Every structure is written in C-alpha cells, then in structure tokens.
Amino acid sequence: MSPMKKLTVHDILLKKSSNEKLTVLTAYDYPMAFLCDNAGLDIILVGDSAGMVVLGYPSTIPVRMDEMLLFVGAVGRATKHSLITADMPFGSYQTSINIALDNAIKLIKAGSDAVKLEGGSEISGTVKALVDSGIPVMGHVGLKPQTSVLWDGYRTQGSTMAAARKIISDAKSLEQAGAFSIVLEMVTDEVTEIVSKSTAVPIIGIGSGTNCDGQVLVLHDILGLYRQIKPRFVKRYLDLSEQIHEALSNYINDVRSGVFPSKENIFHMSEDEYSKLKDTLGKEDRMNE
Ligand code: KIV
C-alpha cells in the first residue's frame, strides 16, 4: 500500500547532510507498524520499551530476545518503507562479542534492518564487530534505560561539565566504531547541540531538545495508550485510552441491551434450506415420541 520506496541506511545518513529532520517512533506490532510505515515515518524503532508499554514490565530490564524477535517479525511483515531498527535487550550483547553477534543476526533474520545498543565507549568494540559483520548499528547514549534505573533512575544527563564531556566522547567513539546514527536520551540542549555539530551521523533526540537531527518518541506515549509514566518531554497527540474506554463501554452496553448484534451483523439460511431443516427435525421428533 505504501507508494514510497524502502529507506536504506544510506538514505538516513543523507538526511543529515540535506538538513532534513529524521522522524522516528517505536512500534511493536503489525497494525501499528503498518500505520507508521504508511504515514511515511523514516525509522520504526522496535524498542525494548515494548517490555513496559506492551508487556507490562516495570522497566526494560526483563525484556528477552524471544520477546523482541516476536515484535520484530510483526513489524517486519508490516513495513515497506521505514527503516526498521530493533533494540538489543539487556543481557543480549554485554557478555561477549560473539553472543552480541549471534543475537544481532537473529534480529536481522527476524526482519530488522539494523540494531540499537545502549552504551558509549565501553561497547564500541562490540559496535565495530557488528558493523564489520555487515549489521547497521544505532547507538544510544545519555539516559540508558537498561542500566540508568540500576544507578540513579531517570534523570537529565549532561548537566555538569564532566557528564557533558563523557556524553560527547561516547558519541564520538560510537561514530568511530561505525554507528550510522545515535539516540541521545534526556540530554541537555547545550550538549545535544555540541554532539550534533561534531558528528557526521544523525543524532536522534528523545527529551534532548531541538538541536539534533531528528526526534524519537514511544508510540504509546504520543497516542495516550500508556499512562503509567508521562515524561515531560512527551507530546501527547491523542488520548486513545479515553477513546478506547468509551468504545468498550458502548460495546458492553450494546450487548447487554441487545442493540448488538443488529440486522446487518446476522447471517441467515435460505428459506428453502430452513424449511427443509424444520421438516427433518419435525420428523425426527415425531419418531421419538
Ligand atoms: O526502547 C525504546 O523505545 C527506546 C527509545 C526510548 C529511544 O530506546
């Protein structure tokens, strides 16, 4: 249905040089990925945020590879245009480069075009190994939900000179390792600007201001489908929870009152077949009397 061509990593890189802002959202299932793709989104991120907004985990830490593979497969089947990037879940890339490679290959075989890993210079060796094996990698620095929650929770990153320098050097080492883009999460506007200007690859912000090359948000946040947490950086475009609640109440009322199903929802036998049926049933009843 999508008339647009499939985007490649090369197309994504070109958008930075042509000053075109990148549009990125998460999606985890067939119908939502279909809608995102059809709307012309540049990148669909099969984020491990799925663990929270779809599976109901309290953080992204419990998310497993088998769960990610299921989401990636569904998104892959729906997507004709957007570049798909899949999060490598916590524990799937830290223990060894070979394990990271095996898991990244599984995500690519399931339908993703690229993978995303959280971390800076400490994972640059892994990023390089993946890229050398032909797997496009998106980096993720600043707030790293897989581990930040273990240290100091969800806080703004890059507020001090030392923290800012660490983010800037992490982004540099990811670029040098071959990452094709980098997510900056909850980073101060000043640091975002420095990182964006000093790297050739697109910097995609989430809660990191406007001085970057594109924006990413969690789909369920912008649609009002996940209301447990509402970060200040989220813009809600719809309140689907409210609309779904109303639709469900209407359905319950319709079933209870007999308004549903109505004439157009009901299937009938032909009159001929129905009268034959009644005749045979009548004969059987009489034989049993
Ligand atoms: O998992 C996710 O959705 C993400 C975005 C918040 C960038 O990593």
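The structure presented is a predicted model; accordingly, all values stated were derived computationally and were not measured. Each ligand, and each atom within it, is numbered from 1 in the order the structure gives.
Tracing side-chain contacts under 4.5 Å through hydrophobic residues (I, L, V, M, F, W, Y), one reaches Val183 starting from Val9; they form part of the same cluster. With hydrophobic clusters built from ILVMFWY side chains whose heavy atoms lie under 4.5 angstrom apart, Met32 does not share a cluster with Leu70.
Ring-centre distance between His220 and Tyr28: below the 6.0 Å cut-off.
Residues Val137 and Lys116 form no side-chain contact, since every pair of their non-hydrogen atoms from C-beta on lies 4.5 Å or further apart. With contacts defined as side-chain heavy-atom distances shorter than 4.5 Å, the pair Ile108/Ile135 qualifies. For the pair Ile182/His140, no side-chain contact is recorded, criterion being any heavy-atom separation below 4.5 Å from C-beta on.
Residue Thr26 approaches ligand 1 through these ligand atoms, each under 4.0 Å from one of its heavy atoms: 3 (O). Taking a cut-off of under 4.0 Å to the non-hydrogen atoms of Asp48, the atoms of ligand 1 that pass are 1 (O). Residue-ligand proximity, Gly47 to ligand 1, at heavy-atom distances under 4.0 Å covers atoms 1 (O), 2 (C), 3 (O). For ligand 1 and Ile206, the ligand atoms under 4.0 Å from any heavy atom of the residue are 6 (C). Interface of His140 with ligand 1, defined as ligand atoms under 4.0 Å from a residue heavy atom, comprises 8 (O).
Applying the salt bridge (charged side-chain N to carboxylate O under 4.0 Å, His left out) definition to pairs two or more places apart or across chains, none involves residues 261-271.
Here Lys144 does not pair with Glu118 in a salt bridge; the nearest charged N to carboxylate O distance is not below 4.0 Å.
Residue Glu118 places no heavy atom under 4.0 Å from ligand 1.
If you check which protein heavy atom lies closest to atom 8 (O) of ligand 1, you get Lys116 NZ, 2.8 Å. Nearest non-hydrogen protein atom to atom 4 (C) of ligand 1 is Leu45 CD2, 3.7 Å. If you check which protein heavy atom lies closest to atom 2 (C) of ligand 1, you get Ser49 OG, 3.3 Å.
In terms of polar-atom proximity, Asp87 is counted as a contact of ligand 1, with an N or O under 3.5 Å from an N or O of the ligand.
At a heavy-atom distance under 4.0 Å, no atom of Thr60 approaches ligand 1.
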